[in-house]
Amino acid sequence: MKLIHCADLHLDSAMTTHLSKEKARERKAELLRTFGRMVEYARENEVEAILIAGDLFDRKNVSATARKAVRQAIEENEEITFYYLQGNHDENFSAAEEQSLPVNLKRFGEEWRSYIREEEGKRLVISGLELTKENADYASHSLSLNLKDFNIVMLHGQESEHESRDRTEVIPLSHMRNKGIDYLALGHVHAYKKERLDSRGTYCYAGCLEGRGFDECGEHGFVLLDIDLQQGMYSSVFVPFAYRNLYEVPVDISDCMNTSEIMRCVEERLQLLSYDKRHLLQIVLQGMVDIECEKTLDYLVNWLKDEYYFVRVRDNSSIRVDYDSFASDISLKGEFVRTVRAGEDMSEEEKGAIIRFGIQALAGEEID
């Protein structure tokens with residue numbers, strides 16, 4: 001029996017961070033298409049159920065386009081059962097919507113609810129609960145499972161070894177152990193993670209289906225489960241599935257003295273990585289550069305903007321100042337450097353930045 005575990009799709013996200021309005025609209029549509037592609041994958045690979053562990057949508061007021069696309073994908077694939085546990089971003093369904101939900105969409109609530117699938121006398125039980133302030137304290141204590149079943153439990157929240165009264169979406173793993181859980185399907189963390197829960201089971205975050213910002217770099221997708229109910233065993237594999245990934249690319253520019261040399265370092269690094277042109281990159285400049293290094297970030301962005309879907313350059317490099325070389329310099333530049341160096345209320349990093357900007361201004365260069 002094959003199942004898909006996914007979470008944190010955040011459909012209908014505004015996608016406005018860093019992107020132009022046009023590309024934000026395009027990425028918004030791509031998130032919906034990736035959901036549709038995942039459902040197609042399930043149909044083509046004989047997946048019987050899709051577990052959505054929270055945050056199917058990104059906001060409370062979901063657009064009609066997103067609602068219709070999700071509903072259509074569910075209704076057109078009636079052979080697949082969708083188990084949908086709402087997360088902290090999801091909107092509650094209205095009473096009218098509850099009455100007209102597709103029959104193959106199974107919901108959870110604020111008390112434990114379980115669904116049973118049988119195969120030759122063996123049972124797969126899928127249980128879930130949507131965490132709130134009211135039920136967070138007793139949620140894990142009230143979970144009761146039959147040890148003879150293959151048990152999947154769905155929750156949306158941040159893993160923790162202990163309880164917390166400060167946050168609703170906290171899942172105390174210590175309280176989930178030795179309860180007969182075979183697979184704890186989690187949502188809320190946007191990166192894939194799978195670890196042992198206890199001697200019997202594992203817990204897993206599927207991560208988000210598509211990265212939306214540079215705090216969600218790397219490959220994203222879903223988890224494919226293959227369960228052998230007769231043996232009470234399963235295997236799982238993470239399936240990279242995002243249409244576009246975001247990558248952070250560190251580049252050491254310590255030996256560079258101008259933008260052309262920096263561009264060459266960036267180019268060499270990108271050639272080694274060989275990222276597909278459809279992805280989004282954040283170039284992070286690192287190392288220590290000479291105080292007189294000419295560095296124009298706009299040129300770097302303009303040079304790369306047509307090579308990838310989106311490129312951003314962040315300058316994390318430090319400035320190296322050889323104060324001895326200015327000790328006897330009788331020019332205005334030398335006097336300026338010595339004056340800044342004598343300042344007592346600034347760090348060395350702040351002094352270096354001020355000196356760099358000052359030298360740029362004295363040379364008539366544009367200051368970034």
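Basis for what follows: all heavy atoms, side chains included, without hydrogens, waters or symmetry-related copies.
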Would [X] count as a cation-pi partner of [Y], with NZ or CZ less than 6.0 Å from the six-membered ring centre and within 45° of the ring normal?
X	Y	value
Arg196	Tyr203	no
Lys277	Tyr309	no
Arg37	Phe241	yes

Rounded to the nearest 0.5 Å, how far apart are [atom1] of [X] and [atom2] of [Y]?
X	Y	atom1	atom2	result
Arg43	Asn77	CZ	CG	5.0 Å
Phe57	Asp55	CZ	CG	11.0 Å
Asn258	Asp290	CG	CG	11.5 Å
Ile52	Met154	CD1	CE	7.5 Å
Gln282	Leu246	CD	CG	9.0 Å
Leu224	Phe238	CG	CZ	12.0 Å

Without hydrogens or angle criteria, can the side chains of [X] and [Y] be said to hold a donor-acceptor pair below 3.5 Å?
X	Y	result
Asp315	Ser317	yes
Tyr192	His220	no
Lys194	Ser236	yes
Glu261	Thr259	no

Please identify which of these residues, Asp226, Asp182, Thr202, Asp228, meets the side-chain hydrogen bond (donor to acceptor under 3.5 Å, both in side chains) condition with Tyr234.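 Single pass found, and it is Thr202.
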
Please tell me whether [X] and [Y] form a close aromatic pair, meaning their ring centres lie under 6.0 Å apart.
X	Y	answer
Tyr308	Tyr275	no
Phe222	Phe35	no
Tyr247	His279	yes
His190	Tyr205	no

If Ile, Leu, Val, Met, Phe, Trp and Tyr residues are connected whenever their side-chain heavy atoms lie under 4.5 Å apart, and connections chain through other members, are [X] and [Y] in the same group?
X	Y	value
Leu297	Ile262	yes
Val284	Trp303	no
Leu56	Leu85	no

With side chains defined as the heavy atoms from C-beta onward, is the minimum distance between [X] and [Y] less than 4.5 Å?
X	Y	answer
Leu3	Ile50	no
Gln286	Ile253	no
Ile283	Leu304	yes
Ile171	Gln158	no
Arg123	Arg117	no
Val237	Val223	no
Ile354	Phe336	yes
His156	Gln86	no

Identify the heavy atoms of Leu131 and Ala139 that sit nearest to each other, and give their distance.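 Heavy-atom minimum between the residues: CD2-CB, 3.8 Å.
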
Ignoring hydrogens, what is the shortest heavy-atom contact between His5 and Ala53? Give both atom names and the distance. NE2-CB, 4.0 Å

Taking NZ, NE, NH1 and NH2 as the nitrogens, is one of them in [X] or [Y] under 4.0 Å from a carboxylate oxygen of the other?
X	Y	value
Arg71	Glu75	yes
Glu119	Lys122	no
Asp58	Arg212	yes
Asp276	Arg278	yes
Arg244	Glu30	yes

Evaluate the criterion side chain to side chain donor-acceptor pair (under 3.5 Å) for residue pair Thr81 and Asn104; output intermediate values, then yes/no. CA-CA 5 Å; Thr81 305; Asn104 59 327; over 6 Å; no

